[in-house]
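Taking it in order: structure first as structure tokens, then the write-up.
Chain letters run A, B, ... following the sequence lines, proteins first and then strands; every chain starts at 1. All of these numbers come straight from a predicted model, not from anything done at the bench.
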Amino acid sequence: MALELFNTLSGKIEPLFASDGHALRFYCCGPTVYDYGHIGNFRTFLHVDLLRRTARLHGLGLHHVMNITDVDDKIIRNALAAGKPIGEYSAKFEQAFFEDMDALGIEQPEQIARATENIDGMVDLIERLASQDIAYKAEDGSWYFRIARFPGYGKLSKKDLDGIEDGARVDVDEYEKDAARDFALWKATKPGETSWQTPLGPGRPGWHIECSAMAMKYLGDSFDLHAGGEDLMFPHHENEIAQSEAATHKPFARHWFHVRFLLVEGKKMSKSEGNFFTLRDLLLKGYRASAIRFLLLSVPYRHQLNFTFDGLTESTNAVDRLRTFNDRIRAGNWPATAPADDTLSTLIRKGDADFTAALASDLNTAEARAAIFDVLRAVNTAADQSRLTRADAEETLALLSKFDSIFAVLEDRDADLTRAALAWAEAEGRMDDVSPDVLEKFGSSGLTDAAIDALVAERTLAKKQRNFARADALRNELLEKGILLEDSKEGVRWKRQ
RNA sequence: GGCGCGGUACCCAAGUGGUAAGGGAGAGGUCUGCAAAACCUUUAUGCGUCGGUUCGAUCCCGACCCGCGCCUCCA
């Protein structure tokens with residue numbers, strides 16, 4: 001089944017393919033590194049990651065470019081306030097961004113492109129536009145894009161130009177533009193601001209030109225797909241199309257992928273609403289990185305996701321169940337006998353087919369999840385009834401491995417990630433954000449994995465000697481520290497609550 | 001005002017013109033030295049309301065009600 005994806009440009013679900021027959025060439029608008037990323041940012045990157053992984057499942061190679069906006073108004077302002085050069089200021093948040101991406105299991109793009117390292121390409125592009133009188137210089141030295149010269153303007157966001165012009169928003173700009181809706185390509189330097197000396201005059205690039213220049217530098221004039229959050233559709237992506245296509249007279253990106261915003265507790269996330277969370281905030285509250293990843297991926301990307309703490313708890317439980325299942329099937333010594341019939345094997349294969357088909361169908365993660373849980377139930381039942389064979393177990397593990405090549409939640413790195421967040425909070429003096437629970441479990445007084453293993457072993461021994469009082473005392477001791485023991489046929493497992 | 005999305009069980013959430021996936025929670029049960037966990041079973045005569053099309057609609061069409069997003073820096 002071919003991978004199909006909604007295309008914002010055409011408004012239809014269309015096959016996704018690599019036009020060069022090898023690798024999917026795509027560009028994703030990356031972060032502006034002026035602060036720590038919030039969970040809304042990561043919903044977008046998580047779904048781009050999902051797209052990557054699903055494309056790979058379909059045998060597509062990947063050539064994924066993501067920009068880092070390391071110069072913009074907010075960075076300049078914040079760096080100034082911190083008394084640091086912008087490079088030093090942005091480097092810290094760029095590093096934090098990649099740490100967070102890793103914590104959420106998001107793969108690195110093949111190519112990272114920093115704005116400040118690609119100024120030349122942006123200047124070239126603006127000059128190309130200027131040579132066609134599509135870019136013009138205003139009195140203050142800023143350069144603008146003449147929208148009137150690009151008839152296709154609005155085709156992505158389906159905007160009516162007149163509507164924009166007549167709308168309530170009138171761009172009140174202190175500089176002279178030929179038309180209100182013309183947008184900045186190059187911003188003239190204001191006193192005290194970082195600037196580049198270029199043939200265009202001193203200044204710094206506008207945000208939109210960055211992405212056009214870098215996408216075309218690494219992917220060519222035309223490429224397969226362009227991704228970003230829904231808010232970027234207009235004006236950012238619209239402007240990218242205008243700049244690029246006006247300069248090259250070739251189609252820019254063929255397929256446009258937009259991820260909808262998430263809501264937090266039913267409202268748009270904002271600092272003033274008090275529902276604004278970074279990944280680090282959540283880790284310090286004791287929520288697991290895997291649960292955050294799973295929740296953010298569970299609702300398909302074209303739907304709003306209402307992010308709630310209840311939902312996070314649900315996801316935690318769901319991930320636990322999947323991990324327990326994976327551990328059980330992996331650890332069990334299933335008999336190498338022939339199955340009584342092929343019912344289970346058929347079910348597992350159906351689960352596999354359903355899983356793959358769901359993802360191929362515009363990345364329907366909700367259905368893909370359901371397919372896996374169907375298999376989980378059937379296989380668990382068989383195992384409980386002692387009729388799970390080695391062959392079926394292996395088939396199940398293969399499917400789980402496929403599942404995890406997409407969802408990436410089975411491997412348990414959660415404790416380490418929470419410890420890393422805790423170390424960060426200590427270093428940054430943010431211990432007030434750490435929940436008492438996290439402090440107890442993961443702080444210096446918390447038990448290490450080795451210490452837990454030792455106590456568990458001691459209890460197992462006591463149990464074997466039928467010294468149940470001692471065994472129960474140890475179990476309670478562990479429970480008080482947030483360690484839950486599970487006795488099963490396959491042995492004792494422990495996990496952090 | 002313009003553009004767009006959604007309203008499915010206690011909560012989250014798929015889906016289809018022929019009669020409601022999955023997860024979480026609750027309840028019952030199995031297992032267990034006990035407990036917890038795990039596992040199993042179970043939970044919508046109904047899919048916002050009202051009309052229409054149809055042999056048949058949650059799914060198609062229309063109207064209405066409610067919630068939300070984008071249109072401005074914003075993932």
Measuring only the [atom1] atom in each nucleotide, how far is [N] from [M]? A whole number of Å is fine.
{"N": "B:C70", "M": "B:A9", "atom1": "P", "value": "26 Å"}
{"N": "B:G6", "M": "B:A25", "atom1": "P", "value": "29 Å"}
{"N": "B:G7", "M": "B:G48", "atom1": "P", "value": "7 Å"}
{"N": "B:G24", "M": "B:C60", "atom1": "C1'", "value": "33 Å"}
{"N": "B:G29", "M": "B:C34", "atom1": "P", "value": "16 Å"}
{"N": "B:G51", "M": "B:C5", "atom1": "C1'", "value": "24 Å"}
{"N": "B:U8", "M": "B:G2", "atom1": "C1'", "value": "30 Å"}
{"N": "B:A44", "M": "B:G23", "atom1": "P", "value": "15 Å"}

Please name all residues satisfying side chain to side chain contact (heavy atoms under 4.5 Å, CB included) with [X], sequence neighbours left out, ordered by chain then number.
{"X": "A:R387", "value": "A:T381, A:A382, A:Q385"}
{"X": "A:D374", "value": "A:R377"}
{"X": "A:L484", "value": "A:L479, A:K495, A:Q497"}

Polar pair under 3.5 Å, donor/acceptor by atom type, side chain [X], base [N]:
{"X": "A:R77", "N": "B:C73", "value": "no"}
{"X": "A:R493", "N": "B:A37", "value": "no"}
{"X": "A:N317", "N": "B:A25", "value": "no"}
{"X": "A:K268", "N": "B:C74", "value": "yes"}

What nucleic acid atoms does [X] come within less than 4.0 Å of, heavy atoms only: base, sugar-phosphate, or nothing?
{"X": "A:N380", "value": "sugar-phosphate"}
{"X": "A:L479", "value": "nothing"}
{"X": "A:D73", "value": "nothing"}
{"X": "A:K267", "value": "nothing"}
{"X": "A:N364", "value": "sugar-phosphate"}
{"X": "A:R260", "value": "base"}
{"X": "A:G311", "value": "nothing"}
{"X": "A:F261", "value": "base"}
{"X": "A:R43", "value": "nothing"}
{"X": "A:I372", "value": "nothing"}

Checklist entry - Is A:D49 salt-bridged to A:R53, going by a charged N under 4.0 Å from an acidic O? => result yes
Item to check | Contiguous Watson-Crick or G-U pair runs (3 or more, under 3.5 Å) in RNA chain B | outcome: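 RNA chain B stems, ordered by first number: B:1-7 with B:65-71, B:10-12 with B:22-24, B:26-30 with B:38-42, B:48-52 with B:60-64.
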Checklist outcome for this item: A:F307 CZ to B:C68 C1', in whole Å, measures 18 Å
Checklist entry - Who passes salt bridge (Lys or Arg N to Asp or Glu O under 4.0 Å) against A:D72, sequence neighbours left out? => result none
Next on the checklist: Would A:D487 and A:R459 count as a salt bridge (Lys or Arg N to Asp or Glu O under 4.0 Å) here? Give the steps.
Outcome noted: CA-CA 11 Å; A:D487 295 339; A:R459 170 178 173 269; 2.9 Å; yes
Checklist entry - Taking the side chain from A:N41 and the backbone from A:H38, do they hold a donor-acceptor pair closer than 3.5 Å? => result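 Yes; at least one donor-acceptor contact below 3.5 Å.
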Next on the checklist: Let's see if you get this right: which residues in residues 292-306 of chain A place a heavy atom under 4.0 Å from RNA chain B?
Outcome noted: A:V299, A:P300, A:H303, A:Q304
